[in-house]
Amino acid sequence: MELSIIQKPELVVAIDFGSTYSGYAWQWRTDFVRDRGNIQFNTNWGSGALQLHKTTTCLLLKANGDDTSKYEIDSFGYEAERIYINMAKEHEKDKKKTLGRGDADNLHETWYLFKRFKHILYTKNIDYEMIVEDQLHRPFPLLHVLSKLLKALKDHFINNLKEKGQRVNLDKTLWVVTVPAIWSEMAKAFMRYAMEKALMEDTEEIEKSFTKTRRRNLLLALEPEAAAIYCIHLPDEQRANMNELGAPGQVFLTADLGGLTVDLSLVKVLDDGLLEEIYLSRGDLAGGQNVNDAFFQACLDSFDGELWKTIFGKSTPIECLEMEDDFEQKKVTIGKKDRRLEKIVLKVPYTIIKEIDQNNITCKDAHDFILEENEIKVRSEFVRNKLFKETCIKMFDIMKTVLQSFGFKDCRTVVLVGGFAESPIVVQHIREAIMENFPDIKVVVPTSPFQAVLKGAVLYGHDPMIFRSRIARYTYGVEIRCLFNEKKHNKEKKWLNTEDNKYYCKDVLAVHVEKGQSVILKEQLEEHRYHPMFKNQKSAKVSIYASDRAPVNSTVDGEPKDVMYITDEGCEKIGEIDVEIPNTLLGTERNLLVRMVYGGTELSVIVIDETSGKDFPLSIKLI
């Protein structure tokens, strides 16, 4: 896809859709040429916003009919949460006033709040019909909600620049959307399609011409790779203090510590300043949200009686929402000051306060929790040693696997970025673990680790060819039928072609790219020739498959090698191309040339009818 986007865009806008926080950044081409560090963020997310450069991943929709496509965006981010919470509180007051003399306006039939739903795209079974639940567990199409949130961010940016008196030419604007490196091709395709929908749902006059060229104006960036790009473009003084980061020949590991995952990228800086991926990006579900989940589980386990669990479970979603947001904001402050002053104090839901006043709820372990009046006080040692520890250990174990698999003798630096890298506890734990296991490796953190992915994504949009090569994340191939080999093929795959009276093997995966293979960006891989099965065949369907395993006779080391058929476990259809081959004069001797272009964040496929010269391009899409 990097090959088909607009070149040298007038403006690059990056959108980071995170599990906990989302935001955008931008840079004009003129600024990129003069000073690559001059990247702008939005810092105005409304009252109550605590993170300057991002807002919460939250969307509030208002019903405008029974069809979900008619639900309108009311607000997003911090403002959506505050509006919904205030409306819910007013609604509760109105219900009490009516005292059964008629229902107050039913808030829950009109308003729908969605929060932190990125985790759904980590599943393997992705399709357009995927469902997300709102705050009250009501189902909605994920694609609809995601595209609405992306549209809200896009519109916020455009209005932001309008207020500054700057006009945006969207035909010359490149949008870069960040995605985790560990996502499947299907998940990336889902995100691309959601953003395309967001760009198409335009009402402003300025945007009408954009819909025709939207695919040329959209690029996906892998989050840890974007962070690596950001790091090598830091000012010389900062890079010098970060173990001479970005020096030619240096190998470094970037660990993007987010709200849901730790996402890793191991790269080498080449002599010409380009980057080479030298180990397949890895990651796992081990982020800041794990600490939140552990906290709420501890709340359930640390107080006496079934009554506590019943009351806590019945607290309204609004009360729990406020309590979790409070904890989210305060957990990262642990470790920034004198431990004797550390203590997380949270307001408990109103339904629980009543029971505390009546001594119906008591704390089992006052060493970790203190329950007083309308507050829960959590001791910092409990947060450090219990809530954070398990997540930190898991994050380090993922890094350890990559460093040991690659051969850590060549890696000298681990760079921590992302919102969770703001936590002193996390940085301290990983730094100590790296020092103990890999004493020659230094752990560094840039000045603003939370900006790394967004800034790097903007730089990547200006220079998408900065990666010379990448490691293939999957085995890619085409479904074919070949002559049956009794010694090689499964007899259950044997199929008789009555036209030539020969036996063929069906469901064969003709491999074009092997998982773990290093592929140079911009280079077209070796083309493969295929021909129709029947003499009078006037069309063909070329089906593209991806497998998370290497082929049986793979030349790549370190990967499971057992994929041969499209029906093998882990092999999934990710796209198809309908090819017209109307000239039947040559019978089955007509060739279809299949070329794959890999090395970017997305795979591109081109099928050419050799007889007519007509080409049929495909970018991976959901089936």
State which residues pass side-chain hydrogen bond (donor to acceptor under 3.5 Å, both in side chains) with N385; sequence neighbours excluded, sorted by chain then number.
E381
By side-chain hydrogen bond (donor to acceptor under 3.5 Å, both in side chains), E10 pairs with (sequence neighbours left out) none
Of all residues at least two apart in sequence or in a different chain, which pass the salt bridge (Lys or Arg N to Asp or Glu O under 4.0 Å) check with R239?
D236
Set of salt bridge (Lys or Arg N to Asp or Glu O under 4.0 Å) partners for D74, sequence neighbours left out
none
Would you say [X] and [Y] make side-chain contact, with heavy atoms under 4.5 Å?
X: V269; Y: L275; answer: yes
X: V179; Y: L222; answer: yes
X: V13; Y: V168; answer: no
X: L146; Y: F190; answer: yes
X: N243; Y: F252; answer: no
X: E225; Y: Y460; answer: no
X: F117; Y: L149; answer: yes
X: T56; Y: E81; answer: yes

Let's go through L60 and W111 carefully: what are the C-alpha distance in whole Å and the side-chain angles of both, what is the deciding distance for side chain to side chain contact (heavy atoms under 4.5 Å, CB included) to 0.1 Å, and is it a yes or a no?
CA-CA 7 Å; L60 181 60; W111 303 93; 4.0 Å; yes
Polar side-chain atom of [X] near backbone of [Y] as donor-acceptor pair, under 3.5 Å:
X: D31; Y: R34; answer: no
X: D134; Y: F140; answer: no
X: R473; Y: I471; answer: yes
X: S265; Y: T254; answer: no
X: D263; Y: P224; answer: no
X: Q27; Y: R36; answer: yes
X: D16; Y: T178; answer: no

Looking only at heavy atoms, which two atoms of [X] and [Y] are closest? And how far apart?
X: T20; Y: G259; result: OG1-CA, 3.7 Å
X: I39; Y: L459; result: CD1-CG, 3.9 Å
X: G246; Y: I232; result: CA-CG2, 3.9 Å
X: T413; Y: Q250; result: OG1-NE2, 3.8 Å
X: G461; Y: P464; result: O-CD, 3.7 Å
X: K118; Y: G18; result: CD-C, 3.7 Å

Point-to-point distance, once rounded to the nearest 0.5 Å, from [atom1] of [X] to [atom2] of [Y]:
X: L150; Y: F17; atom1: CG; atom2: CZ; answer: 7.0 Å
X: F382; Y: L387; atom1: CZ; atom2: CG; answer: 4.0 Å
X: Y84; Y: L113; atom1: OH; atom2: CG; answer: 6.0 Å
X: H429; Y: M395; atom1: NE2; atom2: CE; answer: 7.5 Å
X: H156; Y: S22; atom1: NE2; atom2: OG; answer: 12.5 Å
X: L61; Y: E72; atom1: CG; atom2: CD; answer: 9.5 Å

Side chain to side chain contact (heavy atoms under 4.5 Å, CB included) between F420 and V262, worked out:
CA-CA 9 Å; F420 211 29; V262 52; over 6 Å; no
H233 vs D463, side chain to side chain contact (heavy atoms under 4.5 Å, CB included): CA-CA, chis, key distance, verdict
CA-CA 12 Å; H233 285 95; D463 185 14; 5.8 Å; no
For the residue pair Y24 and W26, categorise the inter-ring angle as parallel (less than 30°), tilted (30 to 60°) or perpendicular (more than 60°).
tilted
Between W183 and Y122, what is the ring plane arrangement, given parallel below 30°, perpendicular above 60°, and tilted in between?
perpendicular
If only side-chain N and O atoms count, and only distance matters, is there a donor-acceptor pair under 3.5 Å linking D293 with Q289?
yes
Start with the C-alpha distance between I430 and M399, add both sets of side-chain angles, then the distance that settles side chain to side chain contact (heavy atoms under 4.5 Å, CB included), and finish with yes or no.
CA-CA 9 Å; I430 293 177; M399 298 178 202; 3.5 Å; yes
Any carboxylate oxygen within less than 4.0 angstrom of a Lys/Arg side-chain nitrogen, looking at [X] and [Y]?
X: R412; Y: E244; result: no
X: E390; Y: K394; result: no
X: E79; Y: R82; result: no
X: K54; Y: E422; result: no

Determine which pairs satisfy salt bridge (Lys or Arg N to Asp or Glu O under 4.0 Å) with at least one residue from residues 423-432, sequence neighbours left out, and list them in order.
none
Please tabulate, for the side chains in residues 439-458, all donor-acceptor contacts under 3.5 angstrom to protein atoms that are two or more places apart in sequence or on a different chain.
from: T447; atom 1: OG1; to: Q238; atom 2: OE1; distance (Å): 3.2
from: Q451; atom 1: OE1; to: K455; atom 2: NZ; distance (Å): 3.3

Testing V176, V33, V12 one by one against H462 for a side-chain contact (heavy atoms from CB on, under 4.5 Å), which residue passes?
V12
So with a 6.0 Å cut-off around NZ of K268, is the heavy-atom count from everything else above 12?
no
